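For reference, the structure discussed in these notes is given below.
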Amino acid sequence: MEGSKKQEANPWRVLEFYSGIGGLRYSLMKAGVDAVVVEAFDINDVANDVYEHNFGHRPHQGNIQSLSAVDLDRYEADVWLLSPPCQPYTRQGLQKGSGDARATSFLNILELIPQSSRPPLMLFVENVVGFETSDTHEKMIKMLRENHFDTQEFILSPLQFGVPYSRPRYFCLAKRKPLSFQNAQFNNALLRDPGHIHGYEESTVTTEETESPSYWNKLIETCQPIQRFLEIEKNRDEVTSESNVIPPNVAEILMDSEEGNEFIDPSTKYLVPSSLVERWGSAMDIVFPESKRCCCFTKSYFRYVKGTGSLLATVPGKMKNEISSLHELRLRYFTPREVANLHSFPEDFEFPQHVSLRQRYALLGNSLSVGVVGPLLRYLFTHQQS
């Protein structure tokens with residue numbers, strides 16, 4: 001059988017682990033498959049506030065490590081979606097892998113599979129690049145093989161899906177036999193091109209090609225310009241249409257300060273202070289509205305300017321050769337709504353008013369690209385049954 005529907009009339013039942021602000025659930029919605037999230041799990045109280053605000057359901061809050069096979073069996077779930085903590089595998093971290101306490105809960109969940117009376121039929125795992133070389137990954141693959149899962153692994157970026165956002169991530173798709181992938185020739189492989197995700201039976205490029213600058217340069221040219229993802233006009237002195245007006249919800253965002261929360265003029269609060277431009281200007285990744293690529297936003301964006309994400313020049317790119325100093329670029333941070341746009345979150349996604357600006361950036365930095373995960377989930381749910 002081919003398709004994204006079960007043989008029975010009922011939809012696929014899904015568990016969402018490390019649910020955060022709902023990136024996996026939005027991706028499931030984008031995939032357009034016949035599925036329902038029966039429970040979500042996350043320990044972060046603020047993330048759960050955001051999830052509840054958008055979906056009307058508060059995730060199970062507590063340590064995922066405490067869950068048992070009996071607990072999970074009660075949900076009668078067919079699919080597990082997991083986006084576990086990435087800190088054990090990041091280049092900036094200690095790269096302790098399974099030796100990091102933050103990796104323990106993920107390994108514990110995998111160990112519940114053989115203990116379960118109703119193990120999942122499919123799994124989806126998202127993490128940072130680097131996870132694929134960790135001992136946690138080695139243990140995951142071993143566990144999946146022992147429990148009759150086929151896997152297809154990917155390292156993909158939103159740039160490969162037309163989004164001007166460089167955020168490469170590792171993904172593992174797993175199916176328990178007798179379910180099988182539509183393109184079974186890629187079983188047990190790590191792929192860096194989304195060719196067959198888009199419907200091509202053969203991979204369109206080699207791994208070596210995806211590691212070449214020319215591949216990415218050509219890809220970037222096919223991406224949409226950053227200005228398509230902006231909510232604030234590139235020059236506040238030249239408002240020309242309704243779409244260039246800052247929405248009221250942005251004006252109402254609370255800004256953290258040493259004295260407490262206070263309202264800040266939205267026309268200036270996202271500007272990068274001149275002192276930071278002077279000190280870190282040479283290390284900043286600066287993009288223009290016409291640019292077709294920006295760097296990954298981390299959870300430390302807005303707190304730090306170096307290595308946390310791109311900064312936007314608010315003067316037209318055509319003027320950059322006429323500018324004598326970085327100050328004249330009038331650099332600003334991308335707003336949380338713009339970061340959400342680059343993550344391909346839907347227009348109706350929003351934060352509750354009590355979530356501070358820094359918390360919004362941190363939660364988005366820990367989230368995922370719906371524009372990438374949605375097509376991957378659509379592919380995962382499309383299968384052939386032998």
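On a predicted model such as this, the values are computed, not experimentally measured, just so you know.
Residue Arg145 qualifies as enclosed at atom CZ: its count of foreign heavy atoms under 6.0 Å is above 12. The environment of NE2 in His148 is sparse: at most 12 heavy-atom neighbours from other residues, nucleotides or ligands sit within 6.0 Å. In Glu347, the CD atom is not crowded: 12 or fewer heavy atoms of neighbouring residues, nucleotides or ligands sit closer than 6.0 Å. Around atom CD of Glu138, no more than 12 heavy atoms belonging to other residues, nucleotides or ligands sit under 6.0 Å away.
In terms of modelled atom types and a separation under 3.5 Å, the side chain of Ser356 and the main chain of Gln359 share a donor-acceptor contact. Listed for the Ser367 side chain is no donor-acceptor partner under 3.5 Å among the backbone atoms of Leu364. Arg192 places no side-chain N or O within 3.5 Å of a backbone atom of Ile155 that could act as its donor or acceptor partner. Between the Lys30 side chain and the Gly371 main chain, no donor and acceptor come within less than 3.5 Å of each other. Not a single donor-acceptor pair under 3.5 Å links the side chain of Arg330 to the backbone N or O of Thr314. For Asp78 (side chain) and Trp12 (main-chain N/O), no donor-acceptor pair under 3.5 Å exists by modelled atom type. The main-chain N or O of Gly130 is found under 3.5 Å from a side-chain atom of Thr133 such that the two form a donor-acceptor pair.
In the model, Asp71 has a side-chain atom that pairs as donor or acceptor with a side-chain atom of Ser68 under 3.5 Å. Side-chain contact check for Gln160 and Tyr215: at least one donor-acceptor pair (N or O, by modelled atom type) lies under 3.5 Å.
Annotation: the span from Lys299 atom NZ to Asn366 atom CG amounts to 5.5 Å, rounded to 0.5 Å. Separating the CG atom in Leu377 from the CZ atom in Phe171 is a distance of 9.5 Å, to the nearest 0.5 Å. Separation of atoms OH (Tyr165) and SG (Cys295) is listed at 9.5 Å; rounding is to 0.5 Å. Remark: Ser310 OG to Arg293 CZ distance equals 7.0 Å, nearest 0.5 Å. Atoms CG and NZ, from Leu107 and Lys139 in turn, are 6.0 Å apart once rounded to the nearest 0.5 Å. Rounding to the nearest 0.5 angstrom, the gap separating the CZ atom in Arg378 from the CD1 atom in Ile197 is 10.0 Å.
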Chi angles and distances behind the side chain to side chain contact (heavy atoms under 4.5 Å, CB included) call for Tyr51, Ile21: CA-CA 5 Å; Tyr51 191 104; Ile21 59 176; 6.0 Å; no
Criterion side chain to side chain contact (heavy atoms under 4.5 Å, CB included) on Leu24 and Val14, from CA distance to verdict: CA-CA 11 Å; Leu24 284 169; Val14 178; over 6 Å; no
Steps toward side chain to side chain contact (heavy atoms under 4.5 Å, CB included) verdict (Leu230, Phe334): CA-CA 8 Å; Leu230 303 181; Phe334 283 77; 3.8 Å; yes
CA sep, side-chain torsions, deciding dist, call: Tyr26, His343, side chain to side chain contact (heavy atoms under 4.5 Å, CB included): CA-CA 11 Å; Tyr26 279 127; His343 279 88; over 6 Å; no
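Pairing each heavy atom of Lys292 with each of Pro225, the nearest pair is CG-CA, 4.1 Å. The shortest non-hydrogen separation linking Gly307 to Thr298 is O-CG2, 3.9 Å. Of all heavy-atom pairs between Thr210 and Asp193, the closest is CG2-CB, 4.3 Å. Closest heavy-atom contact between Val128 and Tyr170: O-CB, 3.7 Å. Nearest heavy atom pair, residue Phe186 against residue Gln152, reads O-CG, 3.4 Å. Scanning all heavy atoms of the two residues, the minimum distance from Glu126 to Leu368 falls at OE2-CB, 3.9 Å.
Contact check for Leu329 versus Val277: no side-chain heavy atoms found under the 4.5 Å cut-off. Side-chain contact between Leu15 and Val38 is present, with at least one heavy-atom pair separated by less than 4.5 Å. By the 4.5 Å heavy-atom criterion applied to side chains, Asn54 and Glu350 are counted as neighbours. Side-chain contact between Asn127 and Phe106: absent, with no pair of heavy atoms (C-beta onward) separated by less than 4.5 Å. Between Gln185 and His196 the shortest side-chain heavy-atom distance does not fall below 4.5 Å. With contacts defined as side-chain heavy-atom distances shorter than 4.5 Å, the pair Pro194/Phe161 qualifies. Contact annotation: the side chain of Cys294 approaches that of Leu342 to within less than 4.5 Å [non-hydrogen atoms, C-beta and beyond]. Val50 places a side-chain heavy atom less than 4.5 Å from the side chain of Phe349.
Each of Trp80 and Ile43 belongs to its own hydrophobic cluster when Ile, Leu, Val, Met, Phe, Trp and Tyr are linked at side-chain heavy-atom distances under 4.5 angstrom. Under the 4.5 Å side-chain contact rule for hydrophobic residues, Val70 and Ile64 do not share a cluster.
Taking 4.0 Å as the cut-off between side-chain N and carboxylate O, Glu338 and Arg332 count as a salt-bridged pair. Residues Arg58 and Asp42 are not paired through a salt bridge, judged by the lack of any N-O separation under 4.0 Å between the basic side chain and the carboxylate. Comment: Lys142 engages Glu146 in a salt bridge, judged by a side-chain N to carboxylate O separation of less than 4.0 angstrom. Salt bridge annotation for Asp150-Arg176: absent, with no cationic side-chain nitrogen under 4.0 angstrom from a carboxylate oxygen.
Geometrically, Arg25 engages Phe55 in a cation-pi contact defined by less than 6.0 Å to the ring centre and at most 45° from the axis.
Taking the six-membered ring where the residue is Trp, the centroids of Phe302 and Tyr304 are separated by 6.0 Å or more.
With respect to Val287, the side-chain contact (heavy atoms from CB on, under 4.5 Å) criterion is satisfied by exactly one of Leu311, Leu331, Leu312: Leu312.
Remark: Tyr301 pairs with Phe297, Tyr333, Tyr361 by the ring-ring contact (aromatic ring centres under 6.0 Å, His included) rule, at least two apart or across chains.
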